[in-house]
Amino acid sequence: MAYYKSYVMVWIALIVLTGATVGVSFLNLGLWNAAVALVIASTKATLVGLYFMHLRHEIKLVIGFALFPLLFLALIIIGTLSDTMTR
Amino acid sequence: MASKEKAGKGAPVAARLGIWTFLATELLLFGGLFTAYTVFRITYPDLFHQEHLKLNRLLGALNTVVLLTSSLSMAVAIAAIRQGKKRLMQAGIVLTLVLAAAFLAIKYMEWTEDFARGLYPGSNLFFGLYFVMTGLHGLHVIFGMCVMLYLVVQGQRNRFSADYHTPVEITGLYWHFVDLVWIYLFPLLYLIG
Amino acid sequence: MSQTESYLAHKGFKSWALTMDHKRIGVMYLVTTHLFFLIGGFLALLLRLKLLSPGPALFSAHTYDVLFTMHGAMMIFLFIIPAIPSSLGNFFIPLLIGARDVAFPKLNLFSYYLFVSGILVILISLVQPIDTGWTFYTPFSAENSAAVTTVSFGLFLVGMSSILTGLNFIVTIHTLRAPGMTWYRLPLFIWGMYGTSVIQVLSTPVIGITFLLLVAERLFGVGFFDPAKGGDPLLFQHFFWFYSHPVVYVMILPAMGIISEVIPCFARKPIFGYKAIAYSALAIAFISFLVWGHHMFVSGMSTTAGVIFSFLTFFVAVPTGMKIFNWIATLYKGSISLDSPMLWALTFIFLFIIGGLTGLFLGSLATDVHVHDTYFLVAHFHYTMMGGTVMGLFSGLHYWYPKITGRMLDERWAKHAWWMIVVGFNVTFFPMFILGMQGMPRRYAEYPAKYHSLNVLATVGSWLLAVGIVIMFANFIRSLNRGAIAPANPWEALTLEWQVPSPPPEENFEVIPTVTDWPYSYGKETGDTRGK
Ligand SMILES: [Cu+2]
């Protein structure tokens with residue numbers, strides 16, 4: 001039963017975080033709005049990854065497979081911005 | 001107890017490596033869209049702010065809850081079959097399917113509302129991104145539903161057990177990924193502030 | 001030796017169409033991709049024929065545009081990208097690592113059919129053939145009345161096939177190595193294929209989304225690439241080259257893998273710098289993702305980005321150079337025998353050095369401004385892609401032909417074809433370096449008279465090249481029935497595929513071998529075993 005319980009706890013955390021991000025969006029924080037929204041989204045993503053997708057108990061190789069592509073996502077965004085932001 | 005949950009009881013390593021590699025390609029497929037989003041949001045901050053107000057924040061949030069819940073039911077289905085509880089697994093997948101359908105229904109309502117107000121993919125860059133991103137995500141939801149339907153049929157035929165349930169595991173990982181994409185799409189599109 | 005049936009034993013259409021044997025799937029890819037090599041080559045002959053005269057001749061400028069688009073798109077997407085990975089990779093990865101098949105045999109067959117359906121969709125587009133160039137640059141491709149949407153969809157399917165093949169190989173190499181086959185005992189072809197697969201998996205989805213966005217642009221008026229709507233045509237180029245630069249390493253890394261197998265075998269010497277060659281494959285794969293902007297120096301990209309991308313581009317040359325030096329060091333003091341696979345391998349090194357070094361002219365910001373979009377570029381990429389990849393492929397085909405078919409090639413005809421192709425290739429493409437330096441732009445049907453004589457030379461070269469290729473393919477086909485029966489290990493090579501009969505039995509290995517050494521202990525056995 002232990003894992004069903006942990007799944008429900010994660011789910012509750014996800015819902016609370018969703019509420020929080022909606023709440024924050026009504027405040028005017030300027031640039032910080034985007035930053036807070038992304039931090040909350042990434043927290044949620046981490047929870048889903050660790051618990052629902054079992055990365056918490058995965059072998060190193062699979063964890064590597066999960067994380068490595070993020071580097072390339074960063075590459076395409078940064079590389080493109082290196083042009084568009086300096087034009 | 002945690003050790004019981006360990007990878008050994010899940011899918012074989014090859015299947016896990018395979019599905020995670022597949023998810024990597026999905027990440028970069030959406031990656032192009034995230035890049036376009038970043039470029040345009042930096043170039044046109046005012047347009048993004050104005051236009052995003054036309055979206056229905058409430059429906060967006062509701063859909064987020066629906067999809068998060070569907071991830072929970074999927075996770076439960078997998079935990080169930082790892083212990084050989086076939087009925088619970090079936091119930092979990094069916095619930096996931098229902099929630100996925102609800103997600104699409106709400107999305108459909110939103111899109112109809114947008115069209116009724118004259119907002120189309122070609123209206124401006126923000127709505128271009130909105131329709132393309134949610135559209136591609138929606139296609140992934142539909143694809144996931146097809147696979148889950150297949151799982152339900154196979155489940156009825158007693159194909160899965162505590163020893164063999166690789167398709168359920170990898171569909172679960174795919175489904176959580178679809179959820180992950182939405183976790184980012186929701187704040188990026190609805191909550192620009 | 002083993003009495004088990006060869007993988008070719010079963011006959012009939014169904015035994016091929018529904019096969020999950022990686023070897024048969026490899027052969028099907030081999031035939032399909034080489035069909036497009038011949039068609040694409042024929043189109044190139046037409047282009048060269050037209051350029052025999054500087055003025056209007058033979059067919060209209062529009063037809064010329066269509067033909068060079070089809071030549072480029074076919075050669076790149078339907079031939080050179082899948083040519084080595086999907087065919088020789090499919091056939092030999094499991095054999096080289098001591099496995100019975102790839103990790104996901106069904107998926108393997110599925111990717112073949114995705115590939116074929118992509119081709120069929122592209123063929124449908126021929127009713128309104130596209131003239132955008134293989135690069136599909138917006139806004140032209142977004143406004144063009146030709147069947148760009150259809151082609152995009154077709155290429156999307158081809159891309160999915162490429163992704164699934166790469167995925168299959170990555171998992172295969174991780175999980176199905178024979179006992180004792182540690183990473184440092186892997187044949188270098190496997191390292192090359194691993195780097196290739198990583199690129200395929202991580203870059204292809206970006207071209208997928210690019211094509212989808214192009215279609216969205218055409219069908220729904222989404223304006224991401226349309227300046228009139230606030231979009232940015234350069235964004236298309238960023239996406240396109242984020243895929244298309246790394247993908248040139250999908251083309252070259254497998255060829256480099258083949259060279260790393262052939263050179264030590266025919267020099268009877270252990271490979272020099274195994275780890276350097278192995279890791280340089282991964283380094284090339286990674287760095288290839290950092291340099292795509294070098295295609296956009298004169299497209300209106302910011303100069304800051306230009307400087308960054310130019311700087312990073314030079315880093316690719318480092319691991320590439322390492323490989324070349326290691327091959328040359330392997331040859332040094334080797335007892336070299338010039339059988340056809342070795343001839344092609346040496347040709348690869350020679351031509352690829354020219355192709356690679358001229359790439360530096362194009363990668364450095366200042367000189368690129370001068371030679372960009374001229375015949376210098378055409379010469380450069382034909383020296384890398386044809387002089388490099390295709391020569392590597394030919395080396396692999398001559399090396400592995402006995403294993404695949406169970407027959408030996410006619411060595412005499414192989415050598416006739418070899419010198420014709422090498423001479424023809426250089427006569428065709430070397431003048432283009434000069435033409436480019438003189439300022440002749442590419443992709444035009446007509447040109448000023450001052451470029452005439454070198455163009456005539458190039459066209460004559462293309463005929464020689466064509467004759468050589470015809471001889472080579474005739475040899476391939478003729479030897480299927482008439483070649484001498486191949487022994488299991490005609491080259492006395494040490495990798496695992498040569499330890500099973502030619503052609504291999506359906507399940508590859510009766511007993512999965514246990515590996516105790518790396519496969520490059522050449523020359524140590526009994527001195528030079530293939531006496532001169
Ligand atoms: Cu490049």
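Convention: sequence-line order gives letters A, B, ...; per-chain numbering from 1.
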Most chain B-contacting option - heavy-atom pairs closer than 4.5 Å, from C/Leu167, C/Thr175, C/Asn168: C/Leu167
Atom pair CG (C/Leu212) and CG (B/Leu139), whose distance is rounded to the nearest 0.5 Å: 9.0 Å
Part of B/Leu129 within contact of chain C (heavy atom distance under 4.5 Å): both
Whether over 12 other heavy atoms sit under 6.0 Å from B/Tyr150 OH: no
With C/His174, the side-chain contact (heavy atoms from CB on, under 4.5 Å) member among B/Val13, B/Leu17, B/Thr21: B/Leu17
Nearest atoms (heavy-atom pairs only) where B/Gly128 meets C/Val222: CA-CG1, 4.0 Å
Side chain / backbone / both / neither for C/Ile170 at chain B, heavy atoms under 4.5 Å: side chain
Best-contacting candidate, C/Gly166, C/Ala103, C/Gly231, against chain B by heavy atom pairs under 4.5 angstrom: C/Gly231
Top contributor to chain B contacts, counting heavy-atom pairs under 4.5 Å, from C/Ser203, C/Pro205, C/Gly223: C/Pro205
C/Leu213 versus chain B, the contacting section by heavy-atom distance below 4.5 Å: side chain
Between CD1 on residue C/Ile207 and CG on residue B/Leu29, distance to nearest 0.5 Å: 11.5 Å
Evaluation steps, side chain to side chain contact (heavy atoms under 4.5 Å, CB included), between C/Leu235 and B/Phe40: CA-CA 10 Å; C/Leu235 192 62; B/Phe40 292 134; 3.8 Å; yes
CZ (B/Phe143) with more than 12 external heavy atoms under 6.0 Å: no
Closest contact, heavy atoms only, C/Phe239 versus B/Gly32: CZ-O, 3.0 Å
Heavy-atom neighbours of B/Arg117 CZ exceed 12 at 6.0 Å: yes
Neighbour count >12 (heavy atoms, 6.0 Å) for atom CZ, C/Phe153: no
B/Tyr44 side chain vs C/Gly230 backbone, donor-acceptor pair below 3.5 Å: yes
CZ-CD1 distance between B/Phe34 and C/Ile209, expressed to the nearest 0.5 angstrom: 10.0 Å
Residue among C/Val201, C/Asp226, C/Ile163, C/Thr172 with most heavy-atom pairs under 4.5 Å to chain B: C/Val201
Trace of the side chain to side chain contact (heavy atoms under 4.5 Å, CB included) decision for C/Thr204 with B/Leu28: CA-CA 9 Å; C/Thr204 317; B/Leu28 279 138; over 6 Å; no
C/Phe140 CZ: over 12 foreign heavy atoms closer than 6.0 Å: yes
Residue C/Phe110 excluded, over 12 heavy atoms near CZ under 6.0 Å: no
